[in-house]
J.: 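I have a structure here, written as structure tokens, and I will follow up with some questions on it.
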Amino acid sequence: MSLTDRDQGAASGSATPPPAGGRHTGPTVADVVRAVTAGPLPVRITGYDGSAVGPSDSGMTLAIRSERGLSYLLTAPGDLGMARAYVSGDLELRGVHPGDPYEALRVLKDELRLRPPSLTEGLALVRGLGWERLMPPPAPPQEAQPRWKRVVNGLRHSRVRDGAAISHHYDVSNAFYEKVLGPSMTYTCAVFRSPDDTLEQAQAAKYDLVAGKLALKKGMRLLDVGCGWGGMVRHAAREYGVKALGVTLSKAQAQWAQAAIEREGLTGLAEVRHLDYRDAPAEQFDAISSIGLTEHIGVRNYPAYFGALRSRLRQGGRLLNHCITRADNRAPHRSGAFIDRYVFPDGELAGPGRLISEVHDAGFEVHHEENLRQHYALTLAAWCRNLVEHWDFCVSEVGAGTARVWGLYMAGSRMAFERNGIQLHQVLATHNGPNGVSGYPLRPDWLP
């Protein structure tokens, strides 16, 4: 389709059907789309008013299904407005499954060219649409409050506010997570020896990699902070005979994990408690793992966080910190509006250099670091496949809006990892004894 076709609307069917009497009452949805985009459209865009623009044979359609959906898009330009309209069902992506809209996101990111309308165009559109269209509709119920309103739950990264943020994301439904994450109930990056590995194989390989880096052996004591549903705790106890304690701020996770521990006959070796990492027992553990917690604690709290872990690790013990990072140290720490309001309220990411520096400055010695970002892209693709496969159950469990949030979030995150927008780093460090004695071998002891 040519730009001329798009502008004139003749070949693409983008002309708006006139209402009875042949008089147009104002700008159509297609008119609004033309005003804020440039060049040929990569997808078909249809409006609730019957107007349409873009190639009819694209295979994908963006359907703006209501006036509310258009208001969402106009009052919160960017990913937040799109998310609101999509989550509420006022914006529909046709041609992809809502459990995995990856292909639509890729096409829109690569081929959709947005432009700000001129002042004249903007005023004409607003007058034609009506000023009431610029009144933001109420946000969908899945959306968290904006940052400035969250102060009612305390200052950012206070215990109460962290608890509320964790609950928003993790206390959705254990049954929902069982379908999306699979039998391992592991909500962190897996490690693939081959792209053909199953998700369960890759999650087991991740736990074995962590165990190897920590040199876990029978009789050792492991503390796993931010333990989720206890995957690492149960793996360490079952496969290595380690006495493992996990702590999580999610009550739903702790309850599920304790039931799994009893079901698997690991009582006495494994335990999960509903605790803030700051309240973990002040004991001397042989090893500490932190798999997916650092993203939640706030960059300014890194010194206190790593200090708390060091105080609980015996001299000669090892720390393995596994977390998402920015691709460089110059990127902003705070997440975008969609992630902050719908996925991880108050989440923050630092660059890998900042992370390693903070580990060192807390008194650890870093021995090894690796970036697993490609593995996280494969992990997210597998979770999306699970969501697609179990879509009807997931919708019945958490509602269509929340299920759409997860499909959008996981597909978008997959793209970000593939394109090096974000990364996943494992950092291995030791708590050295007097005179720099670390107990660390001359060469890594988990490698063949």
Side-chain angles (χ1 to χ4, degrees), residues 150 153-174 177 181 185-188 207 210-211 214 216 220-238 242-264 266-314 317-323 344-348 362 364 431:
R150 292 178 209 155
N153 291 324
L155 296 176
R156 190 156 44 97
H157 299 300
S158 65
R159 291 169 185 261
V160 173
R161 186 159 157 179
D162 277 354
I166 292 296
S167 179
H168 176 88
H169 187 69
Y170 294 103
D171 293 347
V172 175
S173 159
N174 283 335
Y177 280 112
L181 303 181
M185 275 295 267
T186 299
Y187 185 34
T188 49
Y207 286 136
V210 172
L214 292 174
L216 295 184
M220 291 176 65
R221 297 199 66 217
L222 168 71
L223 173 63
D224 185 39
V225 293
C227 68
W229 290 271
M232 181 66 204
V233 167
R234 290 180 288 120
H235 189 90
R238 182 179 59 248
V242 170
K243 188 169 185 181
L245 170 65
V247 298
T248 172
L249 263 179
S250 167
K251 184 177 291 186
Q253 286 182 333
Q255 291 170 343
W256 191 98
Q258 273 303 114
I261 286 168
E262 294 172 11
R263 187 168 61 247
E264 295 175 20
L266 298 173
T267 303
L269 272 184
E271 181 185 3
V272 169
R273 300 180 192 174
H274 178 222
L275 279 179
D276 190 295
Y277 76 90
R278 290 163 282 203
D279 297 324
E283 303 172 15
Q284 294 293 287
F285 292 86
D286 298 299
I288 296 177
S289 54
S290 175
I291 306 174
L293 174 60
T294 316
E295 300 90 332
H296 296 287
I297 64 170
V299 175
R300 287 189 301 177
N301 293 329
Y302 281 5
Y305 166 67
F306 287 117
L309 299 188
R310 184 176 182 272
S311 71
R312 290 164 171 79
L313 185 62
R314 69 165 176 81
R318 299 185 190 182
L319 165 71
L320 190 285
N321 196 86
H322 167 123
C323 74
F344 294 114
D346 292 335
E348 296 181 30
F364 290 99
H431 178 189

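These values consider heavy atoms only, across backbone and side chains, with no hydrogens, waters or symmetry-generated copies.
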J.: Indicate the atoms forming the closest heavy-atom contact of Val210 with Leu320, along with that distance.
T.: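 Result for this residue pair: CG2-CD1, 4.0 Å.
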J.: Could you work out, with side chain to side chain donor-acceptor pair (under 3.5 Å) as the rule, every residue matching Glu271, not counting sequence neighbours?
T.: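 If we apply the side chain to side chain donor-acceptor pair (under 3.5 Å) test to Glu271, skipping adjacent residues, the hits are Arg273.
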J.: Can you name the residues that form a side chain to side chain donor-acceptor pair (under 3.5 Å) with Thr186, not counting sequence neighbours?
T.: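 With sequence neighbours excluded, Thr186 shows a side chain to side chain donor-acceptor pair (under 3.5 Å) to Ser184, Tyr207, given in chain and number order.
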J.: Is the Phe364 ring parallel, tilted or perpendicular to the His431 ring (thresholds 30°, 60°)?
T.: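 Ring orientation of Phe364 relative to His431: perpendicular.
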J.: Please name the pair of heavy atoms, one in Val272 and one in Gly230, separated by the smallest distance, quoted to 0.1 Å.
T.: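 Minimum heavy-atom separation between Val272 and Gly230: CG2-CA, 4.1 Å.
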J.: Identify all side-chain donor-acceptor contacts of residues 282-291 below 3.5 Å with residues at least two apart in sequence or on another chain.
T.:
unit_1 : atom_1 : unit_2 : atom_2 : d
Glu283 : OE1    : Arg221 : NH1    : 2.5
Glu283 : OE1    : Arg221 : NH2    : 3.1
Gln284 : NE2    : Ser311 : O      : 2.8
Asp286 : OD1    : Arg314 : NE     : 2.7
Asp286 : OD2    : Arg221 : N      : 2.7
Ser289 : OG     : Asp224 : OD1    : 2.7
Ser290 : OG     : Tyr305 : OH     : 2.4

J.: Can a donor-acceptor pair be found, under 3.5 Å and without considering hydrogens, that links the side chain of Arg312 to the backbone of Ala280?
T.: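 Yes: the side chain of Arg312 pairs with the backbone of Ala280.
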J.: How far apart are the closest heavy atoms of Asn321 and Cys323, and which atoms are they?
T.: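 In this case the closest contact between Asn321 and Cys323 is ND2-SG, 3.7 Å.
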J.: State the OG1-CD1 distance between Thr267 and Ile261, to the nearest 0.5 angstrom.
T.: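 That separation rounds to 7.0 Å.
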J.: Counting distance only, does the side-chain N/O of His274 pair as donor-acceptor with the main-chain N or O of Val247 below 3.5 Å?
T.: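 No.
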J.: In sequence, state the C-alpha distance, the side-chain angles, and the governing distance for Thr248 and Trp229, and then conclude on side-chain contact (heavy atoms from CB on, under 4.5 Å).
T.: CA-CA 8 Å; Thr248 172; Trp229 290 271; over 6 Å; no
J.: Could you state the interatomic distance from CD (Glu264) to CZ (Arg238), rounded to the nearest 0.5 Å?
T.: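 Taking CD in Glu264 and CZ in Arg238, the distance rounds to 5.0 Å.
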J.: Mind listing the closest non-hydrogen atom pair of Gly307 and Ala362 along with its distance?
T.: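 Looks like N-CB, 4.1 Å.
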J.: Within this structure, what is the OG1-CG distance for the pair Thr294 and Leu309, rounded to the nearest 0.5 Å?
T.: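 Rounded to the nearest 0.5 Å, the OG1-CG separation comes out at 8.0 Å.
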J.: Taking atom OG of Ser250 and atom OH of Tyr187, what is their separation to the nearest 0.5 Å?
T.: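 If I round to the nearest 0.5 Å, the distance is 12.0 Å.
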J.: Indicate yes or no: at least one non-hydrogen side-chain atom of Ile297 is less than 4.5 angstrom from one of Leu293.
T.: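 With C-beta onward as the side chain, the pair touches.
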J.: Considering non-hydrogen atoms only, spot the tightest contact between Leu214 and Leu222 and give its length.
T.: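 Closest approach of Leu214 to Leu222: CD1-CD1, 4.0 Å.
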J.: Roughly how far apart are Gln253 CD and Gln255 CD, rounded to 0.5 Å?
T.: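 It comes to 11.0 Å.
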J.: Closest approach of Ala252 and Asn174, non-hydrogen atoms and distance?
T.: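 So the minimum-distance heavy-atom pair works out to O-ND2, 3.2 Å.
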